[in-house]
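Only a predicted model underlies this, so the values are computations on that prediction, with no experimental measurement involved.
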Amino acid sequence: MDNAVISAIPEITANDLDASLIHEAAIGKIAGEQIIKLMTLGLTAQEAEEQIVNGFLK
């Protein structure tokens, strides 16, 4: 308590220059790349969006 240090800044790091990272706390439009990726796996655009939202809520 006397020497406590608190950091509340959300941060995510990677040691790969090609990495694309999204922090869980991010709120905004769903990236088109995410929808396209799921559509290549056989989902419709609506199903892909639902899966992304469901994953965010869990």
Side-chain angles (χ1 to χ4, degrees):
M1 293 177 74
D2 293 333
N3 296 317
V5 175
I6 298 171
S7 176
I9 301 169
E11 183 179 317
I12 187 168
T13 57
N15 294 327
D16 188 327
L17 295 176
D18 295 325
S20 176
L21 306 174
I22 299 173
H23 192 278
E24 290 180 24
I27 296 175
K29 283 180 81 173
I30 296 172
E33 295 171 352
Q34 293 174 320
I35 300 240
I36 291 169
K37 168 73 175 183
L38 291 174
M39 289 177 68
T40 63
L41 298 173
L43 297 176
T44 66
Q46 170 126 10
E47 291 170 331
E49 187 174 321
E50 289 171 359
Q51 287 297 317
I52 293 167
V53 171
N54 286 337
F56 176 76
L57 295 175
K58 288 184 178 183

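Put simply, Val53 and Met39 are part of the same group of oily side chains (I, L, V, M, F, W, Y) that touch within less than 4.5 Å, one to the next.
Contacts of Glu47 classified as side-chain hydrogen bond (donor to acceptor under 3.5 Å, both in side chains), with partners at least two apart in sequence or in another chain: Thr44. Residues forming a side-chain hydrogen bond (donor to acceptor under 3.5 Å, both in side chains) with Glu33 (at least two apart in sequence, or on another chain): none. Listed by chain and number, the residues in a side chain to side chain contact (heavy atoms under 4.5 Å, CB included) with Asp18 are Asp16 (sequence neighbours excluded). For Glu50, the side-chain hydrogen bond (donor to acceptor under 3.5 Å, both in side chains) partners two or more places apart in sequence, or in a different chain, are Gln46.
Between Ile35 and Ala48, the shortest heavy-atom contact is O-CB, 4.0 Å.
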